[in-house]
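Remarks on the structure that follows.
Every chain is numbered from 1, with letters handed out A, B, ... down the list of sequences.
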Amino acid sequence: MYTFIVRRLLLAVFVLFCLSIIVFFAVHMIPGDMVQVMLGPAATKEAIAALRKSFGLNQPLYVQYFLWILNLLQGNLGESLRMGAPVLDAIISRFPVTLELILLAMGLALLIAFPIGIICAVKHNSWFDHLLRPVSVIGLSVPDFWWAVILIIVISTYFPQFYIVEYMGFFDNFAVNLKAILPAAIALGITMSAVIIRFVRSSLIEVLQTDYITTARAKGLSETVTIGKHALRNTSTDVLTIIGLQMGALISGAVLVEVVFGLPGVGRLALDAVRQRDYPMVQGTVLFMASFFIFINLLVDILYGILDPRIRIS
Amino acid sequence: MPLLDVKNLSVNFNTLEGTVRAVQGVSFSLKKREIIGIVGESGCGKSVTVRSILRLIPMPPGEISEGRIMFNGENLLALDQKRLRGIRGSNISMIFQEPMTSLNPVFTIGNQISETFKVHQKMNKQRARKATINILEKVSIPSPEKRFEEYPHQLSGGMRQRVMIAIALACQPKLLIADEPTTALDMTVQAQILDLMLQLSDQFDTSILLITHDLGIVAQTASKVIVMYAGKIIETGSVSSIFKHPFHPYTIGLIKSLPRMGLRSQYGKKPLHEIPGIVPSMNENISGCWFAPRCDQSMDICRKVAPLQKYIDSDHSVSCWLFN
Ligand SMILES: Nc1ncnc2c1ncn2[C@@H]1O[C@H](COP(=O)(O)OP(=O)(O)OP(=O)(O)O)[C@@H](O)[C@H]1O
Ligand SMILES: [Mg+2]
């Protein structure tokens, strides 16, 4: 188990390294030049060159990358070219919003998906199961930002008392915080739950056909124990993997939903940074969210190992 | 009164390709402490027949369209779920073919055996643990305390099948249904597992319904044989009678194809007998005898009318036009 974790950790470090290269060069390939944007179309060539030099943008790309990585290894993501403040500080102050949004969305998705997925699997080919197919296709094909817009319209029209203009932190004002984040989490969670329902359903149908389920029934166990204990335990390890993979969709969904709901999360920070060609900030936010994704998947792998004795004891 | 009396059992599977008539009007009965062997080619409905006894076939697509299964005077097919669960694993137990997949990979051996004690004998955790370790000893699993905490993947196939036997015999059932319990095991392990099963059943007064491909095993263990072909019983009788005087051409073929120690056929001078052709697919509609297409003695009537069961003597019957 320990070698398993160490292997995963080493792999994560390697992936992060590759990622840093991709992020850095991708960011510099965004068309448009920050200095040009800052100084406006009337700026002289000299002024542009001077500013580029002061930002270090005149050096060759690989030198810039090297300097960036060197700072990164010291925990320094550089300074925002726009805010003049450390990138890391900005991200850390915004991250709780995104984290809360993602966790809430995932929690809601699981809460919806498990009961429905279980019913569909246990009574598969029933009317409920058949009804769910088109519904889940809708859930899958409608993007989360569309749900976000719909939710905003519904809330502001029919439930104005829940409409929040000013976001407040989790510890500052829990009620306002929840009112602000919950609709966004619902918008994100709906799409996610559609994915997970299908997964729970197909995984459980497969598990219910295994020999050990027949053994459980032959022992005289009730359907509740057979499904609740013997089948679901195996299904949930399957679902765990999909949760890790879906984190990617959840993070990118969070960017859009944060923008639609005006939540001050890392997603919005990143989008603003792209608009302003704030290279260090874009690099910082993308790398941060990617690390978060890798971290979650690492956690999933470890949890998977804990849940599955075939990995834990081998 | 027999312990188990199956009357006219028919099981269908309603699939997209049509109705598969997996079992068609099967009847047999089993006395207390008796061991009956069921033999027949792959796909002839052996597993479906015995799984129907505990209603363990998937429904849908499966459907028990006809029949009665009396166990201790109760019709198992008419029981409600709760009553049926009370019988499963306590009065009637099953062992399956694949020891690799019939145990849940994510729970310990101990957990999976104690469940039976908890469910049927309402034991608490400590008592169930004691009983489990006790039964693990009975099935000759070394260091049972240690094995209790282990997971299926840490055990060999033979050991897992011992665990399955432990689960099945935990409550000293009246009937053990063993569906090819040794097919997936090494030759040397096969004999051990079979011995263990027989020895414990003897100790607990358990009757056995033993499915196997292996007529040799039947000859060694059972007192009665049921020969199935394409969902029907085509011949049944005592082991001695069937092995000495098989009547049905299919049974004769089966016995001929049995390799025998010390016979020339073992050394390749005379090849092992093989029954030509394959089992018909069971969604076909055949009006005559299902074996007729493969039978070298078939007559006109065989292809038109299904043969009836004919008693040769009190405990040997055959369904074949040659004897009607
Ligand atoms: N779930 C199912 N759906 C459709 N058909 C099935 C199902 N289970 C069994 N059958 C059909 O029922 C017939 C009998 O199968 P069964 O498993 O009883 O054969 P068997 O005699 O036990 O063979 P084997 O020796 O291979 O175990 C087969 O033709 C099979 O195709
Ligand atoms: Mg079978």
Segment of [X] engaging chain A (4.5 angstrom heavy-atom cut-off):
| X | value |
| --- | --- |
| B:Arg55 | neither |
| B:Pro58 | neither |
| B:Gln154 | side chain |
| B:Met164 | side chain |
| B:Ser93 | neither |

Check your understanding: Does CZ in A:Phe295 sit with more than 12 non-hydrogen atoms of other residues, nucleotides or ligands closer than 6.0 Å?
Key ->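 Counting other residues, nucleotides and ligands, CZ of A:Phe295 stays at 12 neighbours or fewer.
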Check your understanding: Just wondering, more than 12 heavy atoms not from A:Glu206 lying within 6.0 Å of its CD?
Key ->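 Not more than 12 within 6.0 Å, no.
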If you take all heavy atoms of [X] and [Y], which pair is closest and at what distance?
| X | Y | result |
| --- | --- | --- |
| B:Met94 | A:Ala218 | CB-CB, 4.4 Å |
| B:Val119 | A:Gly220 | CG1-O, 3.7 Å |
| A:His230 | B:Glu115 | NE2-OE2, 2.7 Å |
| A:Pro309 | B:Pro105 | CG-O, 3.2 Å |
| B:His120 | A:Lys219 | NE2-O, 2.7 Å |

Review point. Could you state the interatomic distance from CG (B:Leu103) to CG (A:Asp211), rounded to the nearest 0.5 Å?
Key: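 Here the rounded value is 10.0 Å.
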Point to revise | Distance in Å, A:Glu223 CD paired with B:Gln81 CD, rounded so as to fall on 0.5 Å steps | key: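 So the CD of A:Glu223 and the CD of B:Gln81 are separated by 7.0 Å.
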Point to revise | Side chain, backbone, both or neither of A:Thr237 within contact of chain B (heavy atoms, under 4.5 Å) | key: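 A:Thr237 has no heavy atom closer than 4.5 Å to chain B.
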Practice item. Pick one of side chain, backbone, both or neither for A:Leu307, based on which atoms fall under 4.5 Å of a heavy atom in chain B. Key: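 It is the backbone, since no side chain atom gets that close.
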Practice item. Pick whichever of A:Asp308, A:Thr210, A:Leu221, A:Leu208 has the most heavy-atom pairs under 4.5 Å with chain B. Key: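 The candidate making the most pairs under 4.5 Å is A:Leu221.
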Practice item. Check whether any side-chain heavy atom of A:Thr214 sits under 4.5 Å from a side-chain heavy atom of B:Arg51, and report yes or no. Key: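 Of all side-chain heavy-atom pairs linking B:Arg51 with A:Thr214, at least one is under 4.5 Å.
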Review point. Do A:Lys229 and B:Phe107 touch side chain to side chain, with heavy atoms closer than 4.5 Å?
Key: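 Side chain of A:Lys229 against side chain of B:Phe107, heavy atoms only: contact under 4.5 Å found.
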Exercise for review: Spell out, as yes or no, whether a donor-acceptor pair under 3.5 Å connects the side chain of B:Ser102 to the backbone of A:Thr215.
Suggested key: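 Looks like no, no N/O pair under 3.5 Å.
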**Study point:** Most chain A-contacting option - heavy-atom pairs closer than 4.5 Å, from B:Ile87, B:Asn111, B:Thr108, B:Ile95
**Key:**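 Top option by heavy-atom pairs under 4.5 Å: B:Asn111.
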